[in-house]
K.L.:
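Have a look at this one.
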Amino acid sequence: MARPVIHQVLIGASEGDAITQMALAVRNELRRFCDSDVYALWRHGDVMRDECRDLNEYPTSESVDLTVYHSSIGWHEMTDFLKRRQEKIAISYHNITPSEMYVEFNPDFAADLDLGRQDLVDLRERTVIAVADSEFNARDLETFGYQDIHVVPAGFIPSRLEGEPYDFEILQQMSRRFPNGYVVAVGQILPHKRIEQLIESLHVMNSTYWGNIGLVICGVARQEMYRVAISKFHQRCAMVDVHFAGQVTDQQLSTFIRGARMYLGMSDHEGLSIPPIEAMSMGVPVVVKGAAAVPETVGEGALVLPADAGPILAAEAIHEVLNNDQFRWSLIHRGFQRAKELEARAPSSRTAELLLAAAQ
């Protein structure tokens, strides 16, 4: 009897990207039972060119039992590809940022977000199974008419960075640049990530308490106008030195996180929020704004600020975590326990089971 064929498709694949890593983890689990690959419109970097295949190489519908589409934005080439397919479709939903967050300053990107939501509507009748990686995302997916949504953080492995070796050159560079240590943040340089609030929070904290704590931001700048605006904003925040690490490898990312005194997240919209959990798994205390799915994800493992928290409250939280040893160690312990709790749920194997059943 022939093995089932289940492939996954992404718009873009890059090392360090949460959705890419989740897709690869599911692929590895699926390969125990069926033929499975990950295909992408764009593959960024040599690692992804080895790990993923070009979408143009995707086999015919007759050769595929199930295609898993990872939905997080829209793109016309992907829309056209999906409309041509005849095999069963599965949706793995990672949330699409509301377009109103971008429509004023980047209408083209806002249109891509709206297209992604329209794709969900158009694919609904052809979808045999829908998986969301958080309850927040499941509720969002229900607004498009989907029912019986399985909530599984597909391929989410909190400890995936723990085995990465240290990059000693990075540690030496950060030690020289930030003798009092630094706070780390992970995420693309995009408006809804509120990069300006990260910078201002450290600026306020250093201005108030003379902490001289640096900030390291790991994430690629996807939109030039926002990158320029952030650069200009940073120039006005003289009390914080910021290292924009850009796109990083897993080894570099794990080094930046493990070398940090704490993790800070100020995003206004997250469908799951993986980097804080990865920081928890490596013993780094976490402070995050409690927007969207963030409280659900981090649980009791982080200091969760109100969803409307700004830089002043964040600055106070940073100071407390860095200077209250009892609270800091309690936060580290709670975070480590939360990461282990999520790890024990084995979402990769559960996702593989669901997809295999849907492919029959």
Side-chain angles (χ1 to χ4, degrees), residues 158-162 164 166 170-187 194-195 197-218 237 239-243 245 253-267 270 273-291 294-307 309-343:
S159 65
R160 74 175 186 90
L161 296 174
E162 291 180 12
E164 293 290 336
Y166 281 95
I170 286 178
L171 291 177
Q172 291 172 349
Q173 291 173 349
M174 295 300 100
S175 179
R176 288 193 297 266
R177 182 167 177 176
F178 306 120
N180 288 350
Y182 63 88
V183 170
V184 69
V186 181
R194 302 308 300 271
I195 306 301
Q197 287 196 354
L198 293 171
I199 296 171
E200 189 174 0
S201 298
L202 268 297
H203 170 76
V204 171
M205 198 281 294
N206 285 335
S207 300
T208 305
Y209 297 103
W210 295 97
N212 195 25
I213 303 298
L215 174 63
V216 172
I217 301 176
C218 299
C237 296
M239 295 299 292
V240 56
D241 182 13
V242 183
H243 174 62
L253 178 59
S254 66
T255 301
F256 279 122
I257 292 176
R258 286 185 288 196
R261 295 186 63 183
M262 61 165 282
Y263 179 100
L264 177 65
M266 295 295 289
S267 176
E270 295 292 332
S273 195
I274 292 176
I277 304 297
E278 294 177 338
M280 291 177 191
S281 75
M282 292 184 282
V284 177
V286 171
V287 174
V288 286
K289 183 193 293 185
V294 172
E296 170 192 343
T297 306
V298 301
E300 298 295 321
L303 174 55
V304 181
L305 306 177
I312 294 176
L313 183 58
E316 292 293 335
I318 295 167
H319 181 262
E320 185 70 12
V321 172
L322 296 184
N323 292 277
N324 184 331
D325 288 342
Q326 182 175 356
F327 178 63
R328 173 183 174 83
W329 287 113
S330 172
L331 201 56
I332 290 172
H333 173 72
R334 284 159 40 195
F336 189 77
Q337 291 298 114
R338 177 58 174 168
K340 291 302 180 185
E341 176 187 338
L342 293 173
E343 185 94 15

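Being a predicted model, the structure only gives us computed values, none of them experimental.
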K.L.:
Write down the atom of V284, the atom of I257, and the distance for their closest heavy-atom approach.
P.N.:
CG2-O, 3.3 Å

K.L.:
With no hydrogens and no angle check, is any side-chain donor or acceptor of N206 less than 3.5 Å from a backbone partner on N212?
P.N.:
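Yes.
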
K.L.:
Hey, is the main chain of T297 close enough, under 3.5 Å, to the side chain of R338 for a donor-acceptor pair?
P.N.:
yes

K.L.:
Given L264, which partner from the list V184, V286, L202, V288 fulfils the side chain to side chain contact (heavy atoms under 4.5 Å, CB included) test?
P.N.:
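Of the listed options, the one satisfying the test is L202.
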
K.L.:
Looking only at heavy atoms, which two atoms of A309 and L313 are closest? And how far apart?
P.N.:
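Residues A309 and L313, closest heavy atoms: CB-CD2, 3.9 Å.
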
K.L.:
Given side chains that start at C-beta, do those of T208 and H319 come closer than 4.5 Å, heavy atoms only?
P.N.:
no

K.L.:
Going from CE on M174 to CG on L171, what distance comes out if it is rounded to the nearest 0.5 angstrom?
P.N.:
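That separation rounds to 9.0 Å.
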
K.L.:
Please step through side chain to side chain contact (heavy atoms under 4.5 Å, CB included) for the pair Y209 and L322, ending with a clear verdict.
P.N.:
CA-CA 11 Å; Y209 297 103; L322 296 184; over 6 Å; no

K.L.:
About how many Å separate NE2 of H203 and SG of C237, when rounded to the nearest 0.5 Å?
P.N.:
5.0 Å

K.L.:
If you round to the nearest 0.5 Å, how far is CG of D325 from OG of S330?
P.N.:
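One finds 12.0 Å between OG of S330 and CG of D325.
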
K.L.:
Hey, are the side chains of F178 and I213 touching, using non-hydrogen atoms and a 4.5 Å cut-off?
P.N.:
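Heavy-atom side-chain distance check fails, nothing below 4.5 Å.
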
K.L.:
What pair of heavy atoms forms the shortest contact from Y263 to P275, and how long is it?
P.N.:
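Heavy atoms of Y263 and P275 come nearest at OH-CB, 3.4 Å.
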
K.L.:
Using every non-hydrogen atom in the two residues, find where L305 and A317 come nearest and quote the distance to one decimal.
P.N.:
CD2-CB, 4.0 Å

K.L.:
Examine distances only and state if a side-chain atom of R334 and a backbone atom of P285 form a donor-acceptor pair shorter than 3.5 Å.
P.N.:
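Checking the backbone N and O of P285 against the side chain of R334, no donor-acceptor pair under 3.5 Å is found.
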
K.L.:
What's the spacing between R258 CZ and E162 CD if we round to 0.5 Å?
P.N.:
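Between atom CZ of R258 and atom CD of E162 there are 8.5 Å.
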
K.L.:
How long is the straight-line distance from NZ of K289 back to CZ of R194, given to the nearest 0.5 Å?
P.N.:
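That separation rounds to 5.0 Å.
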
K.L.:
Of the non-hydrogen atoms in M266 and S201, which two are nearest, and what is the gap between them?
P.N.:
CE-OG, 4.3 Å

K.L.:
For the side chain of S281 and the backbone of P158, is there at least one donor-acceptor N/O pair under 3.5 Å apart?
P.N.:
yes

K.L.:
Would you call K340 and E343 a salt bridge, taking side-chain N to carboxylate O under 4.0 Å as the test?
P.N.:
no

K.L.:
Please report the closest heavy-atom contact between Y182 and L215, naming both atoms and the distance.
P.N.:
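Smallest interatomic distance, heavy atoms only, reads CB-N, 4.2 Å.
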
K.L.:
Any donor and acceptor pair, going by atom type alone, linking the side chain of R328 with main-chain N or O of M262 inside 3.5 Å?
P.N.:
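Judged by distance alone, no pair lies under 3.5 Å.
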
K.L.:
Is the number of heavy atoms from other residues, nucleotides or ligands within 6.0 Å of CD1 (I312) greater than 12?
P.N.:
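At most 12 heavy atoms, drawn from other residues, nucleotides or ligands, come within 6.0 Å of this atom.
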
K.L.:
Do E278 and R160 touch side chain to side chain, with heavy atoms closer than 4.5 Å?
P.N.:
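Contact flag for E278/R160 side chains = yes.
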
K.L.:
With a 4.5 Å heavy-atom cut-off, do M205 and V240 have their side chains touching?
P.N.:
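Result no, sub-4.5 Å side-chain heavy-atom pair not found.
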
K.L.:
Any sub-3.5 Å donor-acceptor pair from D241's side-chain atoms to G214's backbone N or O?
P.N.:
no

K.L.:
Go through the structure and list residues passing salt bridge (charged side-chain N to carboxylate O under 4.0 Å, His left out) with E200, not counting sequence neighbours.
P.N.:
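Here no residue qualifies.
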
K.L.:
Examine F256 together with H243 and report whether their ring centres are nearer than 6.0 Å.
P.N.:
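Aromatic pair counts; centres sit under 6.0 Å.
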
K.L.:
State whether the side chain of N324 and the backbone N or O of E320 hold a donor-acceptor pair below 3.5 Å, judged by distance alone.
P.N.:
no

K.L.:
More than 12 foreign heavy atoms under 6.0 Å from CD of Q337: is that the case here?
P.N.:
yes

K.L.:
Would you say the side chain of I274 lies within less than 4.5 Å of the side chain of I277, judging by non-hydrogen atoms?
P.N.:
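They are not in side-chain contact.
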
